[in-house]
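Just so you know, ligand 1 is whichever comes first in the structure, and atom 1 is the first atom listed for that ligand. In this chain, residues are counted from 1 in sequence order. Just so it is clear, the values below take in all heavy atoms, side chains as well, and ignore hydrogens, waters and symmetry mates.
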Amino acid sequence: MSKRRKFYGVEAPDGEVVQVKDGKAARPTRPIIPFIDGDGIGPEISEATRRIINAAVTKCYGDTRSITWLTAYAGDAAVAKFGSPLPAETLEMLDYYGVGMKGPLGTPTGGGIRSLNVTMRQHFDWFSCVRPVRYFKGIVSVVKRPQDLDVVIFRENTEDVYAGIEFAAGSQGALEIIAVAKKYGHTIREDSGIGIKPISQYASRRIVRAAIEYAIDHGRKVVTLVHKGNIQKETEGAFLKWGLALAAEAFGDVMVSEDDLWKVHGGKLPEGKILLNHRIADATFYELLCKSTQFSVIATTNLNGDYISDAAAGQVGGLGIAPGSNIGANSAMFEATHGTAPDIAGKGISNPCSLTLSGVMMLEFIDWDEAAVCVTRAIEKTLRSKTATGDLARFMKKGNQVNTVQFADAVIANMVKPTRRTVEAAMKGRKAVTK
Ligand code: NAI
């Protein structure tokens, strides 16, 4: 379908709108993908990412397919051009095109504007934050067996303390809530700031459903619900209760509980079944490190998911390597999981892998598996040969430290068009987006 529209007063280029329905995209041929470069290191990793993806698309499809990248403004660039960090037209553009990519956006801590990322996730109801974490050979990790961790984290993206319902200490809202709490027998100090943590049955069920469907589609054998329900019974505990109920109702024929695994099946998971277990969040941090192989797919609430995905990324070699996506019913956004890295911004030394691998997730989402595998294989080869940006190379024995542009050049030079068999093998259990 070919459509044209004006954004920021400029006529959009010719190309396709990617149709997204029920969290799945129809395969396009010449999609237009809006791209928010982001702040700090955003522009340099965005440029590298587009170059790498364009090269893979050409390598795999010649001139029969192409992506037109469309600049979408948010963050510092939007303030400079339009006086607002998130212009309405940016939201309209993302809504119109359905599938987008973005670099990191800065958020002030304490006062100032609300996180643009959180604002967008809620605006578009991108309820499912999918973060696959795996090890790439060649990277030096702080743990002995980083290759043991291969987990896909489904983080609920719209609720929890991230809902942004906060009242400053001493404000009327805070004082009124303190008064209501008192009415119900709870004592809160008068000078407290108040944050509200909503966890709904609706959102809990849909993120657990997404995680289980992913496990079924990709041959993964364990889904772990992570929660802090021992302390926060009516929120985190309810998440667990609703998640288990959903699993029993909708997937009872496939899922095996940890209890039944031992009581009924003698500890051996029957062929074709998936283990559904649950862990308290603090224990999960310990087990991810010490019993890494026990995890495959995690479904969890927003804050737990945020912490766990960064810890898991650190385990396999750092934030610069872990990709992410935000999937909703009608649109999706693929973004680096790290921030703007202000300490190295503008130096041209940042690692583009997190954003580029998010681009791989985007390619998988639009069903361009050949290009996705082509990029992944080229990154694997580059890192295996110990060519990397400083964040990774400085830990490698005789690492070849390169800058962002040189790293992208090396990845492109390492590209090979994958065979059909390679693509099929690589996609088994790998695809990081629910299809
Ligand atoms: P950060 O992720 O920007 O940086 C943490 C550390 O990791 C720094 O040492 C940095 O140099 C390093 N690092 C991160 N990405 C790297 C890369 N690609 N290559 C090499 N090194 C990399 O976290 P920080 O400093 O807490 O946050 C900075 C800003 O980013 C804040 O305003 C924060 O709110 C924002 N942020 C935005 C996110 C997003 O847009 N999705 C996510 C996380 C933070």
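Atoms of ligand 1 lying under 4.0 Å from any heavy atom of G106, numbered from 1 in the order shown and given with element: 32 (O). Within ligand 1, the atoms closer than 4.0 Å to a non-hydrogen atom of I344 are 11 (O), 20 (C), 21 (N), numbered from 1 in the order shown. Which parts of ligand 1 touch E335 is read off a 4.0 Å heavy-atom cut-off, strictly below it: atoms 41 (N). Within ligand 1, counting atoms from 1 as listed, the ones closer than 4.0 Å to a heavy atom of K102 are 40 (O), 41 (N).
Among T300, T284, N277, the one residue that satisfies the side-chain hydrogen bond (donor to acceptor under 3.5 Å, both in side chains) test with T224 is N277.
Side-chain atoms of M101 and R50, non-hydrogen and from C-beta on, never get closer than 4.5 Å to each other. Looking only at side-chain heavy atoms (C-beta outward), T389 and Q401 stay at 4.5 Å or farther from each other.
In this structure, the salt bridge (Lys or Arg N to Asp or Glu O under 4.0 Å) partners of E335, at least two apart in sequence or on a different chain, are K102, R121.
S331 and V20 get closest at one heavy-atom pair: N-CG1, 3.8 Å.
Within the 4.0 Å heavy-atom criterion, both parts of T340, backbone and side chain, lie near ligand 1. Residue contacts with ligand 1, taken as heavy atom pairs separated by less than 4.0 Å, involve T107 via backbone and side-chain atoms alike. With a 4.0 Å heavy-atom cut-off, ligand 1 is reached by the side chain of I41 but not by its N, CA, C or O. Counting heavy atoms closer than 4.0 Å to ligand 1, residue N351 contributes atoms from both its backbone and its side chain. With a 4.0 Å heavy-atom cut-off, ligand 1 is reached by the side chain of P342 but not by its N, CA, C or O.
When the heavy atoms of G339, A322, G38 are ranked by distance to atom 43 (C) of ligand 1, first place goes to G339. Distances from atom 39 (C) of ligand 1 to the heavy atoms of D391, I45, N117, T389 put N117 nearest.
Any N or O atom pair closer than 3.5 Å counts here, and T337 shares no such pair with ligand 1. For ligand 1, the polar-atom distance check against L105 finds a nitrogen or oxygen pair separated by under 3.5 Å.
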What verdict does the side-chain hydrogen bond (donor to acceptor under 3.5 Å, both in side chains) test give for T419 and T422, after you've listed the backbone C-alpha separation in whole Å, the side-chain angles of each residue and the deciding distance to 0.1 Å? CA-CA 5 Å; T419 62; T422 311; 2.5 Å; yes
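Aromatic ring pairs are classed by plane angle as parallel below 30°, tilted from 30° to 60° and perpendicular above 60°; the pair W69 and F35 is perpendicular.
Heavy-atom neighbours of K221 NZ from other residues, nucleotides or ligands within 6.0 Å: above the threshold of 12. Remark: Q201 CD is packed, more than 12 non-hydrogen atoms of other residues, nucleotides or ligands lying under 6.0 Å away.
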